[in-house]
Amino acid sequence: MQHFDSDYMEGAHPLILQRLAEINLDKNPGYGGDVYCAAARRKIREACGCPEAEVHFLAGGTQANAVVIGALLRPYEGVIAASTGHISVHEAGAIEAGGHKVLTLPQKHGKLCAAEVRRLIETFERDGNRAHMVKPGMVYLSHPTEYGALYSAQELREISAVCREYKIPLYLDGARLGYGLAARETDVTLRLIAGLCDVFYIGGTKVGALFGEAVVFSRPELADHFFTIVKQKGALLAKGWLLGVQFDVLFSDGLYLSIAGHAIDMAEKLKAGLREKGCRFYYESPTNQQFIVLENSRMEELAREISFSFWEALDENHTVVRLATSWATREEDVDRLLCLL
């Protein structure tokens, strides 16, 4: 069986496992107050070009989204997101369970546009009944999106400008950020994201770590009492060094971008092979996620030898499926997959 379901099917990069074994019997203070978290924070701040940034480590993406959004919004505010955004569709109502409405907008391959964001905010501001309504309190983006699409630098600048005009924070979900930064067609850098977004997270779970996300507040004043809020939400890991050491390794010697680049190389090889075989792309992603359209009978046949992710039913006879590479994908596995196809 060939496994291309997702990019978190493997464990962790060997250098992380090696470092965890080396420090296994060391005694460390809890809750992120250790030397490994401190070193990781320094390296992340340097990589972001944001020396004053607040950096906090959480265990997973849904947890990070729920805690950050809950911390930044007032009780009467909601978060603007694409209708396909992870917080809108695949987080089991975690944001709504925290008391905040997700205000969805039309999207293209998972991306929002600045004009739609502005229109929603202005419509709210002009509404005479707005005191009875949920106020747009922040904007949520995912980069890459759930469809593997990437924002351009200009698109991010335009959305950021709208957020700053209306004084609401811009939050970027970076669960697969490494794969976005390593994509061959991008003009977006980590420093650009830090300059345009008020808060974002750098995904580790899907990019080489056992688990963990690094939440970066490039506007540190927004992180007031964030540690306490993380604790209150049950998201504070007692053995915080297990998160810190992983990001310390990932942000040493360019490892994070290097292993993300390997996933992109494997995805490009896969994409070229799929194209040669005449596969129909739903969307040709520049990242590690590839989306193809299969006849349902063919999908059922392939499922006996290949595991992939159901994405959406296109019509009665066709389904969109996702094939994902990762930092650990082997070239021979891609070759085998293409043979099966």
Side-chain angles (χ1 to χ4, degrees), residues 1-14 84 86 90 108-111 142-152 174-188 203 205-208 254-341:
M1 178 71 75
Q2 296 298 305
H3 295 278
F4 286 84
D5 309 50
S6 190
D7 36 24
Y8 50 79
M9 300 188 73
E10 298 92 359
H13 192 278
T84 54
H86 212 257
H90 288 137
K108 183 175 181 181
H109 305 311
K111 295 198 295 183
S142 49
H143 181 83
T145 71
E146 291 68 29
Y147 283 89
L150 296 175
Y151 286 92
S152 68
R176 293 184 169 92
L177 185 56
Y179 302 131
L181 297 173
R184 297 175 183 177
E185 303 171 18
T186 188
D187 60 352
V188 172
T205 300
K206 296 178 173 69
V207 195
L255 182 64
Y256 189 70
L257 284 181
S258 173
I259 62 175
H262 170 77
I264 299 300
D265 290 343
M266 295 299 98
E268 291 295 326
K269 178 181 175 70
L270 175 61
K271 183 161 58 174
L274 293 170
R275 191 179 294 115
E276 287 178 7
K277 290 180 175 291
C279 290
R280 176 184 169 192
F281 287 89
Y282 181 72
Y283 168 67
E284 287 201 48
S285 165
T287 68
N288 69 313
Q289 303 178 85
Q290 299 300 315
F291 299 86
I292 59 174
V293 179
L294 295 176
E295 291 185 0
N296 291 343
S297 58
R298 179 62 172 150
M299 179 181 67
E300 292 167 4
E301 179 185 336
L302 286 172
R304 299 188 187 103
E305 299 186 82
I306 304 168
S307 63
F308 44 75
S309 290
F310 168 90
W311 210 247
E312 63 181 71
L314 193 61
D315 56 40
E316 290 184 359
N317 300 310
H318 297 86
T319 299
V320 179
V321 303
R322 182 186 70 178
L323 300 166
T325 61
S326 81
W327 61 273
T329 298
R330 300 178 300 180
E331 191 165 4
E332 55 264 35
D333 291 335
V334 176
D335 290 335
R336 175 62 177 155
L337 170 62
L338 292 171
C339 286
L340 292 170
L341 288 168

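In this chain, residues are counted from 1 in sequence order.
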Using only heavy-atom distances, determine whether the side chains of Glu146 and Ser142 contain a donor-acceptor pair under 3.5 Å.
-> yes
Contact summary for [X] and [Y], nearest pair of heavy atoms:
X      : Y      : value
Pro286 : Glu185 : CB-OE1, 3.8 Å
Ser307 : His3   : OG-ND1, 2.8 Å
Ala260 : Gly178 : CB-O, 3.3 Å
Ala183 : Thr287 : CB-CG2, 4.4 Å

Nearest 0.5 Å, what's the [atom1]-[atom2] distance between [X] and [Y]?
X      : Y      : atom1 : atom2 : result
Ile259 : Thr329 : CD1   : OG1   : 11.5 Å
His143 : Arg176 : NE2   : CZ    : 13.0 Å
Leu340 : Arg336 : CG    : CZ    : 4.0 Å
Glu295 : Asn317 : CD    : CG    : 7.5 Å
Leu294 : Thr319 : CG    : OG1   : 7.5 Å
Thr84  : Lys111 : OG1   : NZ    : 11.5 Å

Suppose the criterion is salt bridge (charged side-chain N to carboxylate O under 4.0 Å, His left out): which pairs have a residue in [range], not counting sequence neighbours?
range            : value
residues 258-274 : Arg184-Asp265, Glu268-Lys271, Lys269-Glu331, Lys269-Asp335
residues 313-327 : none
residues 272-291 : Arg275-Glu284

Looking at [Y], is its backbone amide N or carbonyl O close enough to the side chain of [X] to form a donor-acceptor pair, meaning the two atoms are under 3.5 Å apart?
X      : Y      : result
Ser309 : Asp5   : yes
Ser326 : Asp7   : no
Thr145 : His109 : yes

Using the test salt bridge (charged side-chain N to carboxylate O under 4.0 Å, His left out), find all partners of Glu300 that sit at least two apart in sequence or belong to another chain.
-> none
Take the angle between the ring planes of Tyr282 and Tyr147 and call it parallel below 30°, perpendicular above 60°, tilted in between.
-> tilted
Please report the C-alpha distance between Leu181 and Leu257 in whole Å, then the side-chain angles of each, then the deciding distance to 0.1 Å, and finally whether the side chain to side chain contact (heavy atoms under 4.5 Å, CB included) criterion is met.
-> CA-CA 7 Å; Leu181 297 173; Leu257 284 181; 3.6 Å; yes
Answer yes or no: are there more than 12 heavy-atom neighbours, outside Phe308 itself, under 6.0 Å from its atom CZ?
-> yes
Given side chains that start at C-beta, do those of [X] and [Y] come closer than 4.5 Å, heavy atoms only?
X      : Y      : value
Ser152 : Asp187 : yes
Leu338 : Leu270 : yes
Val321 : Ile292 : yes

CA sep, side-chain torsions, deciding dist, call: Phe4, Val334, side chain to side chain contact (heavy atoms under 4.5 Å, CB included) = CA-CA 9 Å; Phe4 286 84; Val334 176; 4.3 Å; yes
May I have all residue pairs that pass ring pair (Phe, Tyr, Trp, His ring centres under 6.0 Å) and include part of residues 313-341, sequence neighbours excluded?
-> His13-Trp327
Let me see the working for Thr325 and Asn288 under side chain to side chain donor-acceptor pair (under 3.5 Å), right down to the final yes or no.
-> CA-CA 5 Å; Thr325 61; Asn288 69 313; 4.7 Å; no
Residues in ring-ring contact (aromatic ring centres under 6.0 Å, His included) with Tyr256, at least two apart?
-> Phe251
Stepwise side chain to side chain contact (heavy atoms under 4.5 Å, CB included) test for Leu323 and Leu274 | CA-CA 11 Å; Leu323 300 166; Leu274 293 170; 4.3 Å; yes
Strictly under 6.0 Å, is that where the ring centroids of Phe281 and Phe291 end up?
-> no
cation_pi(Lys206, Tyr179) dist<6.0 Å, angle<=45 | no
